[in-house]
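Just so you know, these numbers come straight off a predicted model, no measurement behind them. Atoms considered below: every heavy atom in the structure, side chains included; atoms not considered: hydrogens, waters and symmetry mates. Residue numbers start from 1 in every chain, and the chains themselves are labelled A, B, ... in the order their sequence lines are given, proteins ahead of strands.
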Amino acid sequence: MDITIVFDDASSQYSFTDGESILTAVQKLFPQQKRSIVAARIGGLLVDLTTIPSTTDDIQLVSTSSGDGLEILRHSTSHIMAEAIKELYPDAKLAIGPSIDSGFYYDIDMSKTLSPDDLGVIEQKMREITERSEHFARQDKPIAEAIEFFKERGDQYKVEILSEIPATTVSLYTQGSFTDLCRGPHIPSTSYLKHFKLLSIAGAYWRGDEKNKMLQRIYGTAFPSKEELVGFVTAREEAAKRDHRKLGQQLDLFSIQEQAGPGLVFWHPKGAIVRKEIEDFWRAEHIKRGYEFVYSPHIANLELWKTSGHWGFYQQNMYSPIQVDEDQYMLKPMNCPFHILIYKSQVRSYRDLPLRWAELGTVYRYEKSGVLHGLLRVRGFTQDDAHLFVRPDQLNDEVKGVLDFTRHMIETFGFKKYNIYLSTRPEHSVGTDEGWQMATEALRVALEEMHLDYKVDAGEGVFYGPKIDVKLVDAIGREWQGPTVQVDFNLPERFDVTYVGEDGKEHRPIMLHRVVLGSMERFFGTLIEQYAGAFPLWLAPVQVEVVPITDVQEEYARAITARLVERGIRAKVDIRREKMQAKIRDAEMQKVPYIAVIGAKEAAVDSVAVRMRHEGDLGVMAVDQFIERLLEEIKSKVIFA
RNA sequence: GCCGACGUAGCUCAGCUGGUAGAGCGGUUGAUUUGUAAUCAACUGGUCACCCGUUCAAUUCGGGUCGUCGGCUCCA
């Protein structure tokens with residue numbers, strides 16, 4: 001049987017004899033690359049190389065250099081790890097072991113608690129298994145038989161998974177003495193696996209439900225080549241250096257103090273000045289876009305939170321009540337009810353809408369202790385919040401306006417890695433199906449009209465309405481929710497918010513909740529990681545470090561610094577009795593964008609020797625020229641990647 | 001909240017099997033007057049996170065609390 005085999009855009013013919021598998025063909029046609037070819041695709045379906053072709057359809061070979069191939073390699077690695085664990089710890093019960101973006105994991109239930117040292121032992125055993133060259137063999141079984149098979153072995157998790165699969169037959173894969181339930185495909189033999197590493201141990205709930213038992217999860221990864229594996233490990237180490245918690249301390253930006261309590265942020269002077277720059281920009285942009293600013297209190301009567309529904313739906317995230325005289329007061333977890341109260345302070349006309357009210361509102365939420373994470377997940381934070389009260393006919397434009405605003409902010413701050421999600425109605429929520437549908441549709445239409453790529457995050461909306469989330473990506477690829485816009489037709493209902501229409505009758509406005517940064521804390525955290533602490537000039541805490549070479553130039557250096565400061569430039573002079581080299585080193589390590597070196601030559605002609613971060617010595621420049629350059633760069637908010 | 005690991009000067013870390021702790025950087029002082037990533041020296045830093053227990057003796061061993069880190073769950 002002659003079949004066309006396609007590999008790397010080249011195709012060749014191969015005559016299959018009866019019972020000959022694709023693997024045999026690969027070994028004959030591509031003896032050089034045979035270990036990188038791990039599977040095949042026939043008619044769009046991925047199959048094992050051990051498949052014996054039954055049609056004359058083209059066969060496309062899948063190598064580990066493709067996404068599918070890499071996934072197969074990693075998935076097979078998780079099976080090999082599972083085999084190793086079963087050999088080492090026979091009482092281990094396996095749950096699930098998929099491949100993920102950075103590698104794979106397997107969830108295991110066993111009596112022994114694994115320690116990091118055990119990873120080496122398991123790796124060693126895996127190495128043995130790869131040397132044994134065990135073949136991966138697929139077997140299709142009626143589901144009842146498969147259930148019986150795993151039941152006998154006491155693999156309760158596999159039985160549970162099987163009992164929920166609607167299919168009549170399932171596939172099992174066996175290598176060596178180990179058999180697992182799996183869709184496949186897999187590498188032909190354990191010998192294909194050469195470059196792998198087990199990374200960490202963690203706890204994970206069975207089926208991701210905290211009511212279930214906690215299993216032990218082992219994370220690992222595998223690559224086609226040693227270089228790629230080493231590259232992965234070094235990239236992780238490099239990423240760790242951009243960690244905002246590390247940089248926050250090194251650059252003296254912020255701290256979180258045990259004495260004060262977890263999740264509460266202290267902004268140091270250098271972090272505070274960055275925040276101030278962000279806030280100034282934020283305010284200016286709001287004014288341009290027709291927003292007004294409001295301020296509201298930090299606590300309010302519990303009754304208000306009952307009316308808003310927060311007490312019912314959000315209680316577990318709120319700090320305990322504060323008893324004041326006869327009443328109970330709550331620290332605010334959100335700003336929305338306050339803005340509603342301002343709205344309701346007078347009768348509003350349809351002509352007043354839309355109203356766009358913004359506030360840098362500091363909120364407090366009781367987050368579970370295990371989830372706190374530097375600036376990215378805290379208990380007290382300032383949202384760059386705004387609420388828009390709009391008429392139904394204004395909804396679409398206003399949502400688009402917010403999306404455009406968000407995009408402008410993200411781009412100005414130079415974020416390249418972010419993802420957009422549309423979150424729909426969650427399990428616990430208020431309001432009617434019609435309302436939810438209308439609101440979700442409004443968001444979807446706005447996304448489409450703005451030509452923004454997005455994914456649907458089913459059931460991830462807020463209790464009062466659906467939302468669009470923008471998630472920013474941190475140094476090691478984790479996503480953190482930043483900007484969000486939420487459509488809310490429930491709070492206006494609960495608070496009986498109205499406006500008088502053209503017809504003289506009362507109508508219900510729709511509320512938009514939105515943040516364009518997220519929170520100052522989280523945004524700052526991702527910003528630090530984004531720039532690895534080397535902020536663009538307009539944000540840099542110290543913009544220019546003035547370095548006199550000897551103390552003879554001290555007076556001139558001070559004068560230059562004063563001139564820079566007078567022009568609104570954040571300049572500091574380093575008058576320590578240190579060598580110039582040491583001062584430059586310190587300024588570089590503090591990631592100061594410009595260093596102005598001043599010796600006798602410069603002092604004589606009113607100039608400075610300019611050194612730029614990452615670029616080195618730019619040569620001598622007249623002071624006025626230097627100042628103009630700085631002001632221009634600050635004004636244009638140039639980003640140096 | 002759950003699983004696991006960790007918690008020693010301001011920072012980064014050393015301290016084997018129990019005998020009240022060290023280095024480098026930092027800070028202070030003095031000397032050096034220097035041309036693009038660390039000048040030299042002296043001095044100064046610690047209830048070894050906290051609380052109980054075992055022991056003649058605990059930074060070291062055991063238990064608990066708090067905090068941090070990696071995940072899970074949950075979220076801006």
Side-chain angles (χ1 to χ4, degrees), chain A residues 105 107 113-118 199-219 240 243 245-246 249-250 252 255-259 261-263 314 316-317 333-334 361 363 365-379 381-385 423 460 462 467 469-472 476 478-484 486 513-515 517-523 525-526 547-554 576-589 595-602 609-613 616-620:
Chain A
Y105 68 79
D107 286 348
T113 302
L114 291 167
S115 78
D117 292 340
D118 296 320
L199 300 169
S200 61
I201 306 165
Y205 298 107
W206 165 236
R207 309 208 125 177
D209 188 334
E210 66 179 326
K211 290 183 200 78
N212 288 340
K213 183 167 186 184
M214 181 155 273
L215 311 173
Q216 300 189 67
R217 173 174 296 181
I218 301 179
Y219 284 95
D243 190 309
R245 293 166 297 187
K246 206 179 175 81
Q249 195 199 61
Q250 283 170 0
D252 193 21
S255 62
I256 292 170
Q257 314 228 14
E258 196 170 339
Q259 254 192 309
Y314 206 73
Q316 73 283 358
N317 279 303
M334 296 187 189
V363 298
R365 299 183 184 175
Y366 175 75
E367 300 287 354
K368 290 178 184 175
S369 58
V371 306
L372 300 173
H373 183 96
L375 291 179
L376 302 184
R377 189 77 181 270
V378 294
R379 285 184 173 162
F381 57 99
T382 301
Q383 294 183 299
D384 65 303
D385 214 355
S423 300
E460 292 300 312
V462 203
K467 59 175 180 167
D469 289 329
V470 177
K471 297 192 183 182
L472 305 172
I476 61 169
R478 288 177 295 211
E479 286 187 338
W480 296 92
Q481 185 175 326
T484 175
Q486 311 172 346
H513 306 242
R514 56 105 272 200
V515 285
L517 303 176
S519 71
M520 300 315 292
E521 287 75 9
R522 181 174 286 181
F523 189 75
T526 50
V547 172
I549 295 177
T550 76
D551 55 10
V552 177
Q553 289 87 41
E554 190 179 316
R576 291 175 303 164
R577 293 286 176 274
E578 287 289 346
K579 283 181 69 180
M580 172 196 66
Q581 283 87 338
K583 295 179 183 179
I584 288 173
R585 179 168 192 271
D586 289 344
E588 286 279 355
M589 291 204 306
I595 298 171
V597 177
I598 290 167
K601 285 184 274 177
E602 287 76 18
V610 178
R611 182 187 162 111
M612 202 175 153
R613 180 179 62 197
D617 196 350
L618 297 186
V620 179

(request) Answer with yes or no whether A:Tyr205 presents, from its side chain, a donor or acceptor under 3.5 Å of a partner atom in the base of B:G1. (result) yes

(message) With the stacking rule set at 5.5 Å and 30°, tell me whether A:Phe381 counts as stacking on B:A76.
(response) yes

(request) Would you mind pulling out the nucleotide paired to B:C56, Watson-Crick or G-U wobble, both distances under 3.5 Å? (result) B:G19

(message) Counting the atoms with a prime plus P, OP1 and OP2 as sugar-phosphate, which does A:Tyr105 contact under 4.0 Å by heavy atoms, base, sugar-phosphate, or nothing?
(response) nothing

(request) Determine yes or no for a side-chain-to-main-chain donor-acceptor pair under 3.5 angstrom, with A:Lys583 supplying the side chain and A:Arg576 the backbone. (result) yes

(request) Considering just the side-chain nitrogens and oxygens of A:Lys213, establish if one lies under 4.0 Å of OP1 or OP2 belonging to B:C3. (result) no

(message) If you compare every side-chain N and O of A:His373 against the phosphate oxygens of B:G70 (OP1, OP2), does one of them come in below 4.0 Å?
(response) yes

(message) So, taking the atom named CD in A:Gln553 and the one named CE in A:Met580, what distance separates them when rounded to the nearest 0.5 Å?
(response) 11.0 Å

(request) Describe the nucleic acid contact of A:Arg217 in one word from base, sugar-phosphate, nothing, applying a heavy-atom distance below 4.0 Å. (result) sugar-phosphate

(message) Just to be sure I understand the rule, does A:Val378 reach a base, reach only the sugar-phosphate, or reach nothing, if contact means heavy atoms closer than 4.0 Å?
(response) base

(message) Please confirm whether the shortest side-chain N or O distance from A:Arg245 to OP1 or OP2 of B:G70 is below 4.0 Å.
(response) yes

(request) Considering just the side-chain nitrogens and oxygens of A:Ser369, establish if one lies under 4.0 Å of OP1 or OP2 belonging to B:G1. (result) yes

(request) Write down the partner of B:U29 under the Watson-Crick or G-U wobble criteria, each distance required to be under 3.5 Å. (result) B:A41

(message) So, under a plain 3.5 Å distance rule, would you say the side chain of A:Arg377 forms a donor-acceptor pair with the base of B:C74?
(response) yes

(message) Counting only Watson-Crick pairs (N1-N3 plus N6-O4 or O6-N4) and G-U wobbles (N1-O2, O6-N3), all under 3.5 Å, who is the partner of B:G46?
(response) none

(message) Using a heavy-atom cut-off of 4.0 Å across all strands, would you classify A:Val515 as base, sugar-phosphate, or nothing?
(response) nothing

(message) Is there a side-chain contact between A:Arg478 and the phosphate of B:G70, meaning an N or O under 4.0 Å from OP1 or OP2?
(response) yes

(request) Could you tell me whether the phosphate oxygens of B:G67, OP1 or OP2, come under 4.0 Å of any side-chain nitrogen or oxygen in A:Gln257? (result) no

(message) Which nucleotide wins on minimum distance to the side chain of A:Tyr366, given the candidates B:G1, B:C2, B:U39?
(response) B:G1

(request) Indicate, yes or no, whether a donor-acceptor pair under 3.5 Å links the base of B:G10 to the side chain of A:Gln249. (result) no

(message) What's A:Lys471 touching, base or sugar-phosphate or nothing? Going by heavy atoms closer than 4.0 Å.
(response) nothing

(request) Select base, sugar-phosphate, or nothing to describe what A:Ala202 touches, counting heavy atoms under 4.0 Å on all strands. (result) base

(message) Check this for me: does any side-chain nitrogen of one of A:Lys471 and A:Asp469 sit under 4.0 Å from a carboxylate oxygen of the other?
(response) no

(request) Any strand is fair game: report the nucleotide pairing with B:G4 by Watson-Crick or G-U wobble, both distances under 3.5 Å, or none. (result) B:C69

